[in-house]
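Labels below follow one simple rule: chain letters A, B, ... track the order of the sequence lines, proteins then strands, and each chain is numbered from 1. Scope of the values below: all heavy atoms of this structure, side chains included, with no hydrogens, waters or symmetry mates.
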There are 2 protein chains.
Amino acid sequence: MTITEKRHQDPERAAGRRRQVLDAAAACFGRSGFHGASMAEISKAAGMSAGHIYNYFDGKDAIIAAFVEQNVERVSALLRDLETRGDPLQALLDDVPKSVREHIDRETWKLPLEITAEASRNPTIAAVVHDADRRTRAQFRPILKAGRELHGLPVDDATLEGRLDAIISVFQGLPVRAQHNPDLDSEALVAACTVAMKALLFT
Amino acid sequence: MTITEKRHQDPERAAGRRRQVLDAAAACFGRSGFHGASMAEISKAAGMSAGHIYNYFDGKDAIIAAFVEQNVERVSALLRDLETRGDPLQALLDDVPKSVREHIDRETWKLPLEITAEASRNPTIAAVVHDADRRTRAQFRPILKAGRELHGLPVDDATLEGRLDAIISVFQGLPVRAQHNPDLDSEALVAACTVAMKALLFT
């Protein structure tokens, strides 16, 4: 199940309003969590009436779905970029320092951590997150396959699926790690993640 | 800052009562999240008055601190076990299939995911989580160092810190991965995680 966007007559103005609600909601969820933040609090932070917000989003679940979609688009752009760089495995490895540093920024990942926790208990959010993950893997899989073929490495289904999930898992672990260890040595972590990623990509 | 346990005249009886509250709280937090679950809801689920619960825990933060401490004790027992098995690196690698399967069990990790999300916005919980992580790393570091020395591998501070955090990060990523991809191929994931862990441990 996915939560579809409501249609509006003036798409540009509607996009601006949606943006306004999402920024306010990100701040409220970050402060109070998904359950702690009410639509009243979000509407106050957005400077719009709750009724007006409902013209754009059916509720908090629809707001979360919009955040998930933003993240799918962000990752999709990164994957499209890999495809243009000749050797996608080497390109991914070259990006590890930048990617690791981005994934240990604690402010950036507050909302995704909240969404993961919410997905564990809310079937609507779980469905949104599962659908997003499925689309990201469908885009990533052929890139990883082509890259491994370029290096003459095994591309059987089990190897591809395992590597796909392990590579994503390395990056999904970093925001958790950053919340637990605020004294992370980012240089040392980049070196270690490079070792792990090199093994996952090139063997 | 750590949250200390309240002292009681009959420690055994108190431990049983605390257990009762923790079980009820785990169910409530799992269902409604940390902010959605009230002390009233927890006291109802525990079959104890809210006043009675306050004899054991000062509030929800103290309950979360007790869950974090349980996890520290669980990991501490695993680390002590590694020390008894001659080659701790090989022992860790041998345990990857079991560890990966445990870390993708979605029910088990609902509460830790919730605690991580809460740590990102609640300084009291953040302090509890940071202290727990510091103690786990302090126990893990000499084991990893001894294991690497046994194999003639580098044990400089940066290498040790990086490997320590990357190894923990691999395991912290798996519960997130399992919430995003409910169709995980556990065999394929075990194979891929073994590749990553082997590189992190033995190079």
Side-chain angles (χ1 to χ4, degrees), chain A residues 30-37 106-107 109-110 113-121 126 129-130 132-134 137 157-177 179-185 187-193 195-200 203, chain B residues 30-37 106-107 109-110 113-121 126 129-130 132-134 137 157-177 179-185 187-193 195-200 203:
Chain A
R31 198 162 47 230
S32 318
F34 179 81
H35 285 273
R106 286 186 285 161
E107 273 310 306
W109 297 93
K110 277 171 81 167
L113 288 173
E114 179 70 19
I115 292 172
T116 300
E118 183 61 18
S120 78
R121 57 179 172 252
V129 160
H130 296 168
D133 199 80
R134 207 175 293 121
R137 277 179 285 127
D157 284 353
T159 301
L160 275 186
E161 287 314 299
R163 301 299 165 99
L164 213 53
D165 276 306
I167 291 166
I168 303 173
S169 187
V170 167
F171 288 109
Q172 287 186 322
L174 292 172
V176 179
R177 192 85 279 277
Q179 293 298 340
H180 287 251
N181 180 4
D183 307 316
L184 277 181
D185 177 341
E187 288 305 305
L189 187 60
V190 161
C193 288
V195 164
M197 285 295 283
K198 200 169 172 181
L200 286 169
T203 63
Chain B
R31 198 162 48 231
S32 317
F34 179 81
H35 285 274
R106 285 187 285 160
E107 274 308 306
W109 296 92
K110 277 171 81 167
L113 289 172
E114 179 70 20
I115 293 172
T116 300
E118 182 62 18
S120 79
R121 57 179 171 253
V129 159
H130 296 168
D133 199 79
R134 207 174 295 121
R137 278 180 285 126
D157 284 354
T159 301
L160 274 187
E161 287 316 297
R163 300 300 165 97
L164 213 54
D165 276 306
I167 291 166
I168 303 175
S169 189
V170 167
F171 288 110
Q172 288 186 321
L174 292 171
V176 179
R177 192 86 280 276
Q179 293 298 339
H180 287 251
N181 180 4
D183 307 315
L184 277 181
D185 178 339
E187 288 305 304
L189 187 60
V190 162
C193 288
V195 164
M197 286 293 284
K198 200 170 170 177
L200 287 170
T203 62

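Between B/R163 and A/V195 there is a side-chain heavy-atom pair separated by less than 4.5 Å.
Only the backbone of B/S32 comes within contact range of chain A, with heavy atoms under 4.5 Å apart.
The candidate with the highest count of non-hydrogen atom pairs below 4.5 Å against chain B, out of A/Q172, A/M197, A/H35, is A/Q172. Ranked by non-hydrogen atom pairs under 4.5 Å with chain B, the options A/V176, A/T159, A/I167 are led by A/V176. Put simply, of A/G36, A/A199, A/P182, the one with the most heavy-atom pairs under 4.5 Å next to chain B is A/P182. Taking A/T203, A/I168, A/D185, A/L174 one by one and counting their heavy-atom pairs under 4.5 Å with chain B, the maximum is reached by A/I168. Chain B forms the most heavy-atom pairs under 4.5 Å with one residue out of A/R31, A/H130, A/E118, A/E187, and that residue is A/H130. Across B/G173, B/S169, B/C193, the residue that shares the most heavy-atom pairs under 4.5 angstrom with chain A is B/S169. Of all the listed residues (B/L113, B/D165, B/V129), the one sharing the greatest number of non-hydrogen pairs under 4.5 Å with chain A is B/D165. Comparing B/P175, B/G33, B/A126, B/A132 by how many heavy-atom pairs each has under 4.5 Å with chain A, the most go to B/G33.
Evaluated for a side-chain contact (heavy atoms from CB on, under 4.5 Å) with A/S120, the options B/E114, B/Q179, B/R106 yield exactly one hit, B/Q179.
Between the CG atom of B/N181 and the CD atom of A/E161 there is a distance of 8.0 Å, given to the nearest 0.5 Å.
Taking A/D133 as the reference, A/R137, B/R177 meet the salt bridge (charged side-chain N to carboxylate O under 4.0 Å, His left out) condition, with sequence neighbours excluded.
A/H180 contributes no side-chain N or O that, together with a main-chain N or O of B/R134, makes up a donor-acceptor pair within less than 3.5 Å.
In terms of heavy atoms, A/A158 sits closest to B/A188 at O-CB, 3.2 Å.
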